[in-house]
Amino acid sequence: GSSQLPAPQHPKIRLYNAEQVLSWEPVALSNSTRPVVYQVQFKYTDSKWFTADIMSIGVNCTQITATECDFTAASPSAGFPMDFNVTLRLRAELGALHSAWVTMPWFQHYRNVTVGPPENIEVTPGEGSLIIRFSSPFDIADTSTAFFCYYVHYWEKGGIQQVKGPFRSNSISLDNLKPSRVYCLQVQAQLLWNKSNIFRVGHLSNISCYETMADASTELQQAAAHHHHHHHH
Ligand SMILES: *[C@@H]1O[C@H](CO)[C@@H](O)[C@H](O)[C@H]1NC(C)=O
Ligand SMILES: *[C@@H]1O[C@H](CO)[C@@H](O)[C@H](O)[C@H]1NC(C)=O
Ligand SMILES: *[C@@H]1O[C@H](CO)[C@@H](O)[C@H](O)[C@H]1NC(C)=O
Ligand SMILES: *[C@@H]1O[C@H](CO)[C@@H](O)[C@H](O)[C@H]1NC(C)=O
Ligand SMILES: *[C@@H]1O[C@H](CO)[C@@H](O)[C@H](O)[C@H]1NC(C)=O
Ligand SMILES: *[C@@H]1O[C@H](CO)[C@@H](O)[C@H](O)[C@H]1NC(C)=O
């Protein structure tokens with residue numbers, strides 16, 4: 001029988017950056033003292049179902065009492081290859097009893113992932129410029145089929161927002177800014193998967209603001225004006 005136990009409720013798949021986590025709500029049985037356990041299985045396009053265990057995928061998600069299966073923790077693969085078409089299913093088990101399988105919608109990591117903001121953002125103010133360096137939201141194994149490009153949203157404090165990009169580089173220079181002014185910026189990644197012409201727009205980084213350096217000629221003028229001012233007194 002397939003309905004000896006209630007099935008796990010509200011299962012969801014979290015694909016955030018490199019994370020691949022299936023989680024669900026516990027099955028509570030009032031008439032049982034033993035804990036309900038869960039089994040997760042996976043399949044690829046046209047494959048059979050495999051039990052998610054150490055041998056198959058590198059993480060033990062059979063007979064578990066936890067209500068999540070974190071494929072990111074798998075060793076050595078750290079999850080499913082990001083271009084694979086994966087379907088997951090799970091059921092509750094108690095001794096010889098089990099629930100019906102709950103089958104999730106299929107996913108391809110590159111197609112379904114939520115991309116976070118670029119990380120470790122460092123900004124170096126120059127004379128009327130800002131140089132921005134950062135790291136990618138997560139590592140991509142095969143950069144010939146999937147890669148990040150980046151956009152910078154920036155504005156002079158109180159001014160109108162502008163967007164520069166796309167850039168392939170992790171180092172972007174904003175030039176032709178006014179010297180000695182405060183500019184605010186946010187960086188954003190976009191994941192491109194050219195196999196399917198798919199792109200995922202990432203979250204914006206937090207707003208941060210920087211003052212550009214005074215340029216040398218402005219400093220000279222100011223020094224001269226200052227000097228002039230002093231002579232009059
Ligand atoms: C708990 O009770 C339900 C019905 O109320 C029954 O279907 C189920 O088999 C019982 N489970 C156990 C472990 O006795
Ligand atoms: C992924 O596999 C499922 C079946 O497991 C299929 O229905 C779906 O169309 C496939 N998606 C792609 C993009 O091939
Ligand atoms: C998987 O984990 C569960 C719970 O920790 C444990 O009872 C079970 O024996 C483990 N299975 C394997 C194959 O290691
Ligand atoms: C992944 O995206 C496809 C559409 O692009 C959708 O049909 C599928 O349900 C998504 N999978 C998940 C787990 O959200
Ligand atoms: C994907 O991009 C790589 C280079 O980045 C290129 O060699 C390859 O032909 C592209 N594939 C498709 C389907 O556009
Ligand atoms: C961005 O701002 C939020 C809310 O203020 C904060 O929780 C988060 O840690 C910040 N992120 C970074 C990378 O600084």
Side-chain angles (χ1 to χ4, degrees), residues 8 11 13 15-24 26-27 32 34-71 73-76 79-98 101-123 132-138 145-146 148 150 152-153 170 184-189 191-200 202-210:
I13 298 177
L15 301 171
Y16 181 81
N17 287 340
E19 286 175 41
Q20 298 175 348
V21 183
L22 174 67
S23 62
W24 56 91
V27 170
S32 169
R34 280 193 298 163
V36 173
V37 295
Y38 307 94
Q39 177 180 178
V40 176
Q41 296 193 339
F42 65 92
K43 74 188 248 338
Y44 304 128
T45 319
D46 302 327
S47 85
K48 65 184 178 85
W49 288 101
F50 298 96
T51 297
D53 59 22
I54 300 292
M55 293 292 282
S56 62
I57 186 68
V59 63
N60 171 19
C61 293
T62 63
Q63 304 275 295
I64 56 167
T65 51
T67 56
E68 68 163 41
C69 182
D70 184 354
F71 294 98
S75 170
F80 297 103
M82 293 184 179
D83 55 347
F84 277 32
N85 180 340
V86 181
T87 306
L88 301 175
R89 67 177 188 179
L90 86 144
R91 72 179 188 185
E93 298 174 345
L94 184 65
L97 305 177
H98 59 79
W101 288 104
V102 187
T103 304
M104 303 300 291
W106 60 273
F107 72 86
Q108 290 167 309
H109 196 96
Y110 287 141
R111 179 191 296 269
N112 294 84
V113 66
T114 300
V115 176
E119 293 180 351
N120 308 313
I121 300 168
E122 283 177 19
V123 178
I132 309 158
R133 292 188 189 81
F134 47 85
S135 45
S136 62
F138 62 94
T145 59
F148 287 111
Y150 301 98
V152 185
H153 301 242
N170 289 50
C184 299
L185 60 89
Q186 290 175 287
V187 197
Q188 182 177 39
L191 175 69
L192 290 113
W193 187 28
N194 72 356
K195 184 169 161 187
S196 304
N197 281 322
I198 279 170
F199 61 88
R200 303 289 291 170
H203 290 163
L204 289 163
S205 65
N206 287 347
I207 297 170
S208 56
C209 303
Y210 309 86

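Just so you know, ligand 1 is whichever comes first in the structure, and atom 1 is the first atom listed for that ligand. Computation of the quantities below employed the complete heavy-atom set of this structure, encompassing side-chain atoms and omitting hydrogens, waters and symmetry-equivalent molecules.
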Asker: Under the side chain to side chain contact (heavy atoms under 4.5 Å, CB included) test against Phe42, which residue among Ile57, Thr51, Leu22 passes?
Answerer: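 In the set Ile57, Thr51, Leu22, the residue that makes a side chain to side chain contact (heavy atoms under 4.5 Å, CB included) with Phe42 is Ile57.
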
Asker: Measuring from non-hydrogen atoms of Thr62 to any atom of ligand 3, is the shortest distance under 4.0 Å?
Answerer: yes

Asker: Can you classify the ring geometry of Trp193 versus Tyr110 as parallel (below 30°), tilted (30 to 60°) or perpendicular (above 60°)?
Answerer: tilted

Asker: Exactly one of Cys69, Cys61, Pro11 should register a side chain to side chain contact (heavy atoms under 4.5 Å, CB included) with Leu90. Which one does?
Answerer: Pro11

Asker: Identify, for atom 7 (O) of ligand 3, the protein heavy atom at the shortest distance, and state residue, atom and that distance.
Answerer: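 I find the closest protein heavy atom is Gln63 O, 3.9 Å.
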
Asker: Against heavy atoms of Gln108, which atoms of ligand 2 measure under 4.0 Å?
Answerer: 13 (C)

Asker: Under the side chain to side chain donor-acceptor pair (under 3.5 Å) criterion, do Gln39 and Gln41 qualify, and how do the steps go?
Answerer: CA-CA 7 Å; Gln39 177 180 178; Gln41 296 193 339; 3.2 Å; yes

Asker: Would you please test Asn206 and Ser208 for side chain to side chain donor-acceptor pair (under 3.5 Å) and show each step?
Answerer: CA-CA 6 Å; Asn206 287 347; Ser208 56; over 6 Å; no

Asker: For side chain to side chain donor-acceptor pair (under 3.5 Å), just list the numbers for Asn120 and Ser135, CA-CA rounded to whole Å, side-chain angles, deciding distance to a tenth of an Å, and then say yes or no.
Answerer: CA-CA 6 Å; Asn120 308 313; Ser135 45; 2.8 Å; yes

Asker: Take a 6.0 Å sphere around CZ of Phe107 and say whether it holds more than 12 heavy atoms from other residues, nucleotides or ligands.
Answerer: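 Check passes, neighbour count above 12.
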
Asker: Scan the protein's non-hydrogen atoms and note whether one is under 4.0 Å from atom 9 (O) of ligand 3.
Answerer: no

Asker: Quick test: of every protein heavy atom, which one is nearest to atom 1 (C) of ligand 3, and how far off is it to 0.1 Å?
Answerer: Asn60 ND2, 1.4 Å

Asker: Among all the protein's heavy atoms, is there at least one whose distance to atom 5 (O) of ligand 3 comes out below 4.0 Å?
Answerer: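 So atom 5 (O) of ligand 3 lacks protein heavy-atom neighbours under 4.0 Å.
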
Asker: Out of Thr87, Thr103, Asn85, Val86, indicate the one that has the non-hydrogen atom closest to atom 2 (O) of ligand 2.
Answerer: Asn85

Asker: What atoms of ligand 2 come closer than 4.0 angstrom to any heavy atom of Lys43?
Answerer: 5 (O)

Asker: Protein heavy atom under 4.0 angstrom of atom 14 (O) of ligand 6, is there one?
Answerer: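 True for atom 14 (O) of ligand 6.
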
Asker: Give the residue and atom name of whichever protein heavy atom lies nearest to atom 12 (C) of ligand 6, and the separation in Å to one decimal.
Answerer: Asn206 ND2, 3.3 Å

